[in-house]
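The block underneath contains the structure these notes are about, expressed in C-alpha cells.
Heavy atoms only: backbone and side chains are in, while hydrogens, waters and symmetry mates are out.
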Amino acid sequence: MFEIRVITDPADTDRVTTTLSAAFNTGPARQCPTRDGQRTRLYVTADHRPDPEPFPLPEAAYALAPSILSEMRWVTNTLATAECFTGLERSYYLRKAALLDRIALMDEPAPPFGDATEAAEAAAVFLLDTDRAHLAGHLVERVDKDPRGYVRQQYAQQARCGCDDHSDGVCLIHPNVDH
C-alpha cells in the first residue's frame, strides 16, 4: 500500500481521482487547498490491483449446465414467446452465448473454424457490449481479448441452482419448471 499526492486545478479533481481509481485500488481521496489557495492537494491511499483470475476452462464453466438440447429449447422458446421488438433480459443473452460457445467447442478441435465459432464469438461480443458499462476499466481490455472466456466466467458464476431462491431469476441448472 502507498500514498499518492497530487496537486491539481480544482476543476480537475474528479478526473484525477477517476483516473487513479482506474489504475489502482484506491481509498477515498482527501482534499486540501494549497497554501496559495489556487490549487487542490489530493491525498489518495492506493494499492496495486491483484492479477485477475484466469477465465474458467469450458469443462469447469459448463459442468453444471443442462444439455445442449435443453438449452436450445429454452433459448428458442424464450425468443419465440417474446413480443416483437422487445428487449430480452441479460440471462437470455448469457445463456444464448454459452449455448453457442458449447456448440462451437465441439466444432473446434483444430482449424479451420467454421460458422459455429463465428456465431459464438458474435454472441459473446453482444453480451460483452451490454455489460461493458458495468465493467471496471482495467477489465475491459482483458475481456475484449477473450469475449468467449468472459461468457464462460459469467455463466460459471450464475450456474447454480436457484430453484429455492426465486429472487435470482431463472435457474440455469433446472431450466424446466417441473424438474
Side-chain angles (χ1 to χ4, degrees), residues 1-64 78 82-83 85-101 104 113 117-162 165-172:
M1 189 167 291
F2 51 94
E3 179 128 325
I4 300 172
R5 181 181 79 161
V6 178
I7 298 175
T8 184
D9 186 85
D12 289 338
T13 56
D14 287 341
R15 185 175 59 83
V16 170
T17 55
T18 301
T19 303
L20 287 173
S21 65
F24 302 103
N25 284 334
T26 61
R30 297 171 313 282
Q31 297 183 22
C32 300
T34 56
R35 289 186 187 130
D36 63 5
Q38 301 297 311
R39 294 174 292 168
T40 300
R41 284 182 295 178
L42 297 174
Y43 296 93
V44 179
T45 303
D47 200 356
H48 296 284
R49 292 191 184 277
D51 289 335
E53 293 288 322
F55 289 128
L57 296 174
E59 300 80 26
Y62 303 129
L64 298 174
T78 300
E83 291 192 32
F85 307 110
T86 301
L88 299 173
E89 292 183 14
R90 180 184 182 276
S91 63
Y92 168 79
Y93 297 108
L94 173 60
R95 289 175 76 170
K96 177 183 174 186
L99 169 65
L100 291 172
D101 184 46
F113 304 131
T117 300
E118 287 180 28
E121 191 76 22
V125 168
F126 186 86
L127 177 70
L128 175 57
D129 287 343
T130 60
D131 291 354
R132 189 175 303 277
H134 305 289
L135 289 174
H138 68 285
L139 296 177
V140 173
E141 184 178 331
R142 178 176 181 243
V143 296
D144 277 339
K145 289 179 183 175
D146 188 6
R148 288 174 60 192
Y150 176 71
V151 168
R152 293 175 193 141
Q153 176 195 52
Q154 294 299 300
Y155 192 88
Q157 287 176 358
Q158 292 193 12
R160 63 193 186 307
C161 183
D165 182 10
H166 300 291
S167 65
D168 286 345
V170 180
C171 174
L172 297 179

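Partners of Arg41 under the salt bridge (Lys or Arg N to Asp or Glu O under 4.0 Å) rule, at least two apart in sequence or in another chain, do not exist in this structure. Judged as a side chain to side chain contact (heavy atoms under 4.5 Å, CB included), and not counting sequence neighbours, the contacts of Thr17 are Ala29, Leu42. Judged as a salt bridge (Lys or Arg N to Asp or Glu O under 4.0 Å), and not counting sequence neighbours, the contacts of Glu3 are Arg30. Scored by the ring-ring contact (aromatic ring centres under 6.0 Å, His included) test, Phe85 finds no partners at all (sequence neighbours excluded). Taking the side chain to side chain donor-acceptor pair (under 3.5 Å) definition, one finds that Thr34 meets it with Asp36, sequence neighbours left out. Annotation: ring-ring contact (aromatic ring centres under 6.0 Å, His included) contacts of Tyr62 (sequence neighbours excluded): Tyr155. Partners of Asp144 according to the salt bridge (Lys or Arg N to Asp or Glu O under 4.0 Å) rule, which considers only residues two or more places apart in sequence or in another chain, are Arg132. For the ring-ring contact (aromatic ring centres under 6.0 Å, His included) test, residues two or more places apart in sequence or in another chain that qualify with Phe126 are Tyr93. For the salt bridge (Lys or Arg N to Asp or Glu O under 4.0 Å) test, residues two or more places apart in sequence or in another chain that qualify with Arg148 are Asp101, Glu108. By the side chain to side chain contact (heavy atoms under 4.5 Å, CB included) test, Asp14 pairs with no residue at all, sequence neighbours left out. With sequence neighbours excluded, the residues satisfying side chain to side chain contact (heavy atoms under 4.5 Å, CB included) with Leu135 are Leu128, Val140, Val143, Tyr150.
Judged as a ring pair (Phe, Tyr, Trp, His ring centres under 6.0 Å), the pairs with a partner in residues 1-21 (not counting sequence neighbours) are, in order, Phe2-Phe24, Phe2-His48.
Scanning both residues, Leu100 and Ala119, for their nearest heavy atoms gives CD1-O, 3.8 Å. Scanning both residues, Glu121 and Pro147, for their nearest heavy atoms gives OE2-CG, 3.4 Å.
Annotation: the span from Arg95 atom CZ to Gln154 atom CD amounts to 15.0 Å, rounded to 0.5 Å. With rounding to the nearest 0.5 angstrom, the CE atom of Met1 is 10.5 Å from the OG1 atom of Thr26. Here the CG atom belonging to Asp12 is positioned 12.0 Å from the CZ atom belonging to Arg39, to the nearest 0.5 angstrom.
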What's the verdict on side chain to side chain contact (heavy atoms under 4.5 Å, CB included) for Val44 and Val16, showing C-alpha distance, side-chain angles and the deciding distance?
CA-CA 10 Å; Val44 179; Val16 170; over 6 Å; no

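Side-chain contact between Leu127 and Arg90 is present, with at least one heavy-atom pair separated by less than 4.5 Å.
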